[in-house]
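In what follows, a single structure is set out as structure tokens and then discussed.
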Amino acid sequence: MKDDLQRLLLAAVRSLEGSLLPGPIDPQAVALERTRDAQHGDFASNVAMRLAKGAGLKPRELAERIVAALPADPLITRTEIAGAGFINFTLARDLYARELARVHELGEAYGRHMPATRRKVLLEFVSANPTGPMHVGHGRQAAFGDALGHLLAAAGDIVTREYYVNDAGRQTEILAVSVWVRYLERCGEVLPFPQNGYRGDYLLPLAVALQARVGEALRHPAATVTMDLPADAIPGATGGDKEAHIDALIARCRALIGAAAWQDLLRSSIDAMMDEIRDDLAAFGVRFDHWVSERAFAESGAIDRALDRLRERGLLYTKDGAEWFRATQFGDDEDRVVVRDNGVKTYFASDIAYHLDKRERGHDQLIDVLGADHHGYVTRVRGGLQAFGHPGDCLEAPLIQLVALYRNGEKVSMGKREANFVTLRQLREEVGNDACRIFFLMRSNDQSLDFDLELAKSKSNENPVFYVQYAHARVASVMKELAARGIGWDPSRAQATVLAHGAELLCGAHAEAMLSALSRYPEVIRHAAAQRAPHALVHYLRELATTLHAFYNAERVLVPDEAQREARVYALLAVQQVLRNGLAVLGASAPESM
RNA sequence: GCGCCCGUAGCUCAGUUGGAUAGAGCGCAUGGCUACGAACCAUGAGGUCGGGAGUUCGAAUCUCUCCGGGCGCGCCA
């Protein structure tokens, strides 16, 4: 609807180009927006105010010239110049009837855009380390990434969703050694648990499974295991180094059980964690196209090739026994190590290569959804891409702020390596997927989120999830009532009625507000996608639901007058469709009854 | 110290190429079911948009500065 008007306005402004207005005219300057106040019509443009200076005219004078240049079109029933130079447009009421018909015709596709050129977007999100179960912070990232993927696809991008599995590196070794210590405990050995290990209960089943699989084959006396290890950093005690301690413990484990058993332990531990993460995501309704293994990626030689190319370009140098990337040439604060003095490549080296690979697979835009604590990392990865000649702005990283859970007004503590933190699974089981999704999404991603467990569970009007779903269910309920009363329903006849007389049948403030909100949906999708802002859609759905509830309370739907009844049912079904489409983008269900 | 995010109604928050009288939910006050779902609706009160300066026809929005809160600054990932 907006696009049609935009074309007319642009044509009018273009017709003045060269004569009244100095060219060339930036189409971006010819902006239209929905009016806040119905007294100002349906749409308003500030183009006259923006171009007045260049034209040497007062804004209101230029506005008049633009209005005079507008092509005659039945679309516009009234134009008005108001305020400092706004041009207000009032559109033909039957346009809204036509929009209703469009919703019915397009169904699930209503609101989707198909631009002439579609960008290929690589969306990476979650990518949680396989060292423990997903926690609520990952849940927010998953909800955001999934909704953003749907949004971008609806806006016309070609979206690939990817999860980068960090199945290589030191963290996974710490995982494996943590499992081994739990296993030793089960075998009856008594030894201190390393401070830097993963101490969560979730590792116990892995230790049990290991014991069932290998018996006592990997058992060694506690004294042998801990002999001459560097002191651990015990809380309250002085001295000790938890990093040195656990590294030595890893080396000890490897030496005692042998390389083959170590690899097996490592791999089975990672696999078990990844299985759990995959299950969690699937149960949450989050889907990925690719699961990229860091280990496989490294073994393919891609990282070495990327480093070679940087070396050829003179962007690496050696200092203090390590190899450094000249990140400062690309705006970073300092140069960054890619190969440590022990010869091991850093995570950063792998990420340079991985992001380069994303581009070389043909993606125009790379989006990394990251936890807010990773923000310092973006500049250097972008620098890595720029080193290969890619534009810096092809990588963007929406940052997801922390989630704090509240139960009975009290904050629930959640340390990463604490024994009991709240997992995504526990949260989902407590409040349900839908509430989980909407609560994660209703705030801007760069706003930290207070998640009120009681509120999410409450079936009260404080809970926005139910408010929107209730609007959807209410329409379903009307249809059930219609069937129960034996009233016939013929969609094509209703459509004919609405197209012929919709403007008269669906008049009044409540109906008009509802139809106006409905017709905004495609604009909301485009805006929310462009801004990477799923929360904008949540707010919109609430507004649309409000207009439906208001209409419903003001007007009876199943009235004796056949045309009136058809028109109202037809409108309600269209709103229901848009609610369903929007909820689907957010990954929430649209129930027929509640 | 440097970098990023945040500060808007009592509370939780919307408000991005700068636009008209700054919005919503909750809470509070009052009213609405012999009714297709009251998990709803209607009306009302409630604001120095953290402070100050600047840019301009116009600033919650852009710039600078100060204050307050969060996060990050490793040859970890």
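Below, read A as the first sequence line, B as the second, and so on, with proteins coming before strands; counting in each chain starts at 1. Note that the structure is predicted; figures quoted are calculated from it, not measured.
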N/O to N/O distances under 3.5 Å, protein versus nucleotides 32-34 of chain B:
none

Can A:F86 be said to stack with the base of B:rG19, given centres closer than 5.5 angstrom and planes under 30 degrees apart?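 So A:F86 does not count as stacking on the base.
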Tell which nucleotide pairs with [N], taking only Watson-Crick or G-U wobble pairs whose two distances are both under 3.5 angstrom.
N      : answer
B:rU34 : none
B:rG18 : none
B:rC28 : B:rG44
B:rC64 : B:rG52
B:rG23 : B:rC13
B:rC71 : B:rG3

Counting the atoms with a prime plus P, OP1 and OP2 as sugar-phosphate, which does [X] contact under 4.0 Å by heavy atoms, base, sugar-phosphate, or nothing?
X      : value
A:D446 : sugar-phosphate
A:A82  : base
A:Q447 : sugar-phosphate
A:D167 : nothing
A:D341 : base
A:F348 : nothing
A:M49  : base
A:S448 : sugar-phosphate
A:S593 : base
A:A31  : base
A:H527 : nothing
A:K58  : nothing

For the pair made of [atom1] in [X] and [atom2] in [N], what is the distance, rounded to whole Å?
X      : N      : atom1 : atom2 : value
A:D450 : B:rC6  : CG    : P     : 16 Å
A:R36  : B:rG23 : CZ    : P     : 6 Å
A:E173 : B:rC76 : CD    : P     : 13 Å

In sequence, state the C-alpha distance, the side-chain angles, and the governing distance for A:D368 and A:H355, and then conclude on side-chain hydrogen bond (donor to acceptor under 3.5 Å, both in side chains). CA-CA 10 Å; A:D368 290 359; A:H355 284 79; 2.6 Å; yes
List, with names and distances, any nitrogen or oxygen atoms from the protein found under 3.5 Å away from nitrogen or oxygen atoms belonging to nucleotides 69-74 of chain B.
{"unit_1": "B:rC71", "atom_1": "O2", "unit_2": "A:H375", "atom_2": "NE2", "d": "3.2"}

According to a strict under-4.0 Å criterion, is A:K480 in side-chain N/O contact with OP1 or OP2 of B:rC36?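 For B:rC36, OP1/OP2 do not have a side-chain N/O of A:K480 under 4.0 Å.
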If we count only N and O atoms by modelled type, under 3.5 Å, do the side chains of A:Q401 and A:N445 hold a donor and an acceptor together?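 Their side chains do not contain a donor-acceptor pair, so the 3.5 Å distance test is not met.
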Please name all residues satisfying side-chain contact (heavy atoms from CB on, under 4.5 Å) with A:D393, sequence neighbours left out, ordered by chain then number.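 Counting only residues at least two positions away or on another chain, A:D393 forms a side-chain contact (heavy atoms from CB on, under 4.5 Å) with A:P391.
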Quantified in whole Å, what is the C1' atom distance between nucleotide B:rA39 and nucleotide B:rA22?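 Those two atoms are separated by 30 Å.
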Among B:rC13, B:rA77, B:rC5, find the nucleotide with the atom closest to the side chain of A:Y347.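 So the side chain of A:Y347 is nearest to B:rA77.
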